[in-house]
There are 2 protein chains.
Amino acid sequence: MYSFTEENYLKAIYKLSDNNGSGVSTNSIAENMQTKAASVTDMIKKLSDKKLLKYEKYKGVNLSQKGKDVAIQTIRKHRIWEVFLHEKLKFGWEEVHEIAEQLEHIQSELLINKLDEFLGYPTHDPHGDPIPGENGEFHNNAFVSLDTVEANKKVILSGVINHSVPFLQHLKKIDLTLGQKLMVIEINEYDRSLKLLLNGKIEIFISNEVAKNILVK
Amino acid sequence: MYSFTEENYLKAIYKLSDNNGSGVSTNSIAENMQTKAASVTDMIKKLSDKKLLKYEKYKGVNLSQKGKDVAIQTIRKHRIWEVFLHEKLKFGWEEVHEIAEQLEHIQSELLINKLDEFLGYPTHDPHGDPIPGENGEFHNNAFVSLDTVEANKKVILSGVINHSVPFLQHLKKIDLTLGQKLMVIEINEYDRSLKLLLNGKIEIFISNEVAKNILVK
DNA sequence: ATATAAATTTAGATTTGTCTAAAATTAATA
DNA sequence: TATTAATTTTAGACAAATCTAAATTTATAT
């Protein structure tokens with residue numbers, strides 16, 4: 001139905017939309033997709049012709065409902081494949097994204113629904129991001145970042161804000177994984193670094209930079 | 001490494017090669033790939049420049065070792081994905097080919113090896129075709145077609161020659177599936193149609209046309 | 001408010017894979 | 001063997017997606 005490239009543009013624009021009504025800029029899309037502004041303008045015209053977004057010269061773009069639908073379905077496929085790669089094939093959470101970038105473009109509604117069923121209808125991907133349903137509905141996560149949690153409160157590591165490979169590798173290295181039980185035992189006023197208790201056993205220190213990028217519930 | 005299209009051409013040429021030393025013709029490739037001879041000539045030149053095949057004008061092509069390797073790895077990926085779709089996602093054997101045509105182009109050595117491990121290192125796909133190993137080696141099947149089997153001999157349905165959706169659907173309809181135990185109980189001289197016993201229980205009739213396209217061991 | 005900077009678009013070119021129509025080559029046949 | 005038929009190649013064009021460089025529009029700052 002839609003090309004590889006079209007789906008990638010729609011996904012990028014969807015992620016850059018903050019629903020402020022303000023259009024997504026050409027440059028921000030170019031930066032996000034590692035391409036040039038001129039290429040973005042070309043593609044925007046094409047997507048506009050196909051009614052996937054609204055475009056006014058020099059004013060940026062906004063996805064139409066149709067455009068949002070395609071973006072959300074692509075995200076759904078991406079995240080379901082990530083679960084498969086992590087749960088079944090035992091890929092690390094820092095490895096799944098790149099492969100899912102390819103798998104998300106496989107065209108078959110039936111495939112993704114059967115895969116979803118095979119995986120037991122997961123609600124979140126290996127980074128804690130919610131998986132939209134077949135009809136595109138997101139269940140709100142309501143996670144908070146670890147640097148806002150008060151001392152002595154038990155929480156569960158439920159997601160990350162930074163999805164970069166180095167960050168995910170770092171968390172793995174210090175034994176922080178999704179689903180982990182943790183408790184803040186000390187907050188250092190000076191640099192807002194934290195001392196944590198993992199699974200009621202091991203104590204570790206993390207910087208505020210790390211804490212800000214961890215989501216818990 | 002190689003594009004979607006390049007891999008498809010190499011796969012088609014590989015399948016059309018009967019190792020007679022005689023080159024694969026432009027027209028046969030065009031027919032196989034549902035495209036035009038002129039397009040094939042263009043692509044052949046490109047693949048020849050990349051040393052994936054040997055090309056002499058008007059004489060057809062022969063894959064180089066490099067070309068064969070790419071073709072075999074693509075076939076390997078295709079068949080492993082077919083096993084996944086059939087065994088794990090419960091797709092029918094007539095449904096798996098089309099989706100595997102897409103999945104075979106996903107680029108990740110690690111992915112296919114982990115998938116292979118997850119599936120328990122299958123040796124055959126859902127149509128009985130052998131799955132080449134990581135190093136490209138095929139284990140020879142040595143199956144025979146059902147129309148050559150003598151009466152009262154017990155055999156196992158191990159593959160098909162015709163891979164078309166209608167044929168596979170027909171076999172499914174008459175309850176013939178891979179791994180099935182069967183015995184020829186009667187061979188009609190007139191039209192070489194057969195009466196079969198399935199699993200030592202049910203009797204069915206099949207035409208010679210069907211028997212010719214079934215492989216057993 | 002006007003000059004300068006930043007962002008965006010246009011114009012024209014490139015690459016990949018495809019096509020049609022015409023030309024060239026090889027095969028078939030009378 | 002000469003002629004027709006079939007196959008294959010070339011020439012030139014096209015669509016998708018990209019790029020560079022130049023032109024245009026919008027934003028910023030003095």
Side-chain angles (χ1 to χ4, degrees), chain A residues 1-13 16-18 20-63 67 70-71 74 101-102 104-105 107, chain B residues 1-14 16-18 20-63 67 70-71 74 101-102 104-107:
Chain A
M1 196 64 172
Y2 299 104
S3 79
F4 226 85
T5 315
E6 286 170 333
E7 285 183 353
N8 282 336
Y9 269 91
L10 293 171
K11 203 174 50 141
I13 295 166
L16 290 168
S17 304
D18 31 11
N20 292 356
S22 67
V24 177
S25 75
T26 303
N27 256 5
S28 65
I29 298 169
E31 197 184 354
N32 191 279
M33 303 212 40
Q34 317 231 62
T35 184
K36 297 297 151 72
S39 310
V40 173
T41 303
D42 289 340
M43 179 55 70
I44 276 172
K45 284 179 186 164
K46 197 178 148 191
L47 296 174
S48 179
D49 290 346
K50 294 193 179 182
K51 310 283 183 204
L52 290 160
L53 48 78
K54 290 255 181 297
Y55 170 50
E56 264 189 286
K57 269 191 196 174
Y58 297 102
K59 304 279 178 171
V61 299
N62 285 101
L63 291 183
V70 176
T74 307
E101 281 289 304
Q102 297 180 63
E104 72 187 10
H105 302 293
Q107 280 175 336
Chain B
M1 194 65 171
Y2 299 105
S3 78
F4 230 83
T5 314
E6 286 170 334
E7 285 182 352
N8 283 335
Y9 269 92
L10 293 171
K11 204 174 49 141
I13 296 165
Y14 180 85
L16 291 167
S17 304
D18 31 11
N20 293 354
S22 66
V24 176
S25 75
T26 303
N27 255 4
S28 65
I29 299 169
E31 197 183 352
N32 191 279
M33 302 212 42
Q34 316 232 63
T35 184
K36 298 296 151 71
S39 310
V40 173
T41 303
D42 290 340
M43 178 55 71
I44 276 173
K45 284 180 187 164
K46 196 178 150 190
L47 296 174
S48 179
D49 290 346
K50 294 193 179 181
K51 309 283 183 206
L52 290 161
L53 48 79
K54 291 256 182 295
Y55 169 50
E56 263 189 285
K57 269 190 196 177
Y58 296 100
K59 304 277 178 175
V61 299
N62 284 102
L63 291 183
V70 175
T74 307
E101 281 290 304
Q102 298 180 62
E104 72 187 9
H105 302 293
I106 301 294
Q107 281 174 335

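Below, read A as the first sequence line, B as the second, and so on, with proteins coming before strands; counting in each chain starts at 1.
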Can a donor-acceptor pair be found, under 3.5 Å and without considering hydrogens, that links the side chain of B:S17 to the backbone of B:I13?
yes
Backbone of B:V70 reached by a side-chain donor or acceptor of B:T74 within 3.5 Å
yes
Whole-Å distance between [N] [atom2] and [X] [atom1]?
X	N	atom1	atom2	result
A:D42	C:dT8	CG	P	15 Å
A:E6	D:dT18	CD	C1'	14 Å
B:E31	D:dT7	CD	C1'	13 Å
A:Q34	D:dT18	CD	P	13 Å

Short side-chain N/O contact from [X] to OP1 or OP2 of [N], under 4.0 Å:
X	N	answer
B:K36	C:dT18	no
A:S25	C:dA7	no
B:K45	D:dT10	yes
B:N27	D:dA6	no
B:T35	C:dC19	yes

Can you find a heavy atom in the side chain of A:N8 that is under 4.5 Å from one in the side chain of A:M33?
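They are in contact (side-chain heavy atoms under 4.5 Å apart), so the answer is yes.
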Would you indicate whether the side-chain heavy atoms of A:T35 and A:Y9 approach each other to under 4.5 Å?
yes
I want to verify a distance call: between D:dC19, D:dT18, C:dA21, whose nearest atom is closest to the B:A38 side chain?
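The answer is C:dA21, which lies nearest to the side chain.
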From C-beta outward on A:S39, which listed nucleotide comes closest to its side chain: C:dA21, C:dT10, D:dT18?
D:dT18
Which heavy atom of B:K11 sits nearest a heavy atom of B:E101, and at what distance?
NZ-OE2, 2.8 Å
Looking only at heavy atoms, what is the nearest atom pair of B:M43 and B:T5, with distance?
CE-CG2, 3.8 Å
Taking only nitrogen or oxygen atoms into account, show me every contact under 3.5 Å that the protein makes with nucleotides 14-16 of chain C, one pair per line with its distance.
none

Students often get this wrong, so: under 4.0 angstrom with heavy atoms, is A:T41 touching a base, only sugar-phosphate, or nothing?
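Touches a base.
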Taking any heavy-atom pair under 4.0 Å as a contact, classify A:F4: base, sugar-phosphate, or nothing.
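The residue A:F4 makes no contact with any strand.
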Take atom NZ of A:K59 as the centre, draw a 6.0 Å sphere, and report whether it contains more than 12 heavy atoms from other residues, nucleotides or ligands.
no
In numerical order, the residues of residues 52-60 of chain A whose heavy atoms come under 4.0 Å of DNA chain D are A:Y58
Using 0.5 Å steps for rounding, measure from the CD1 atom of B:I29 to the CD atom of B:E31.
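One finds 11.5 Å between CD1 of B:I29 and CD of B:E31.
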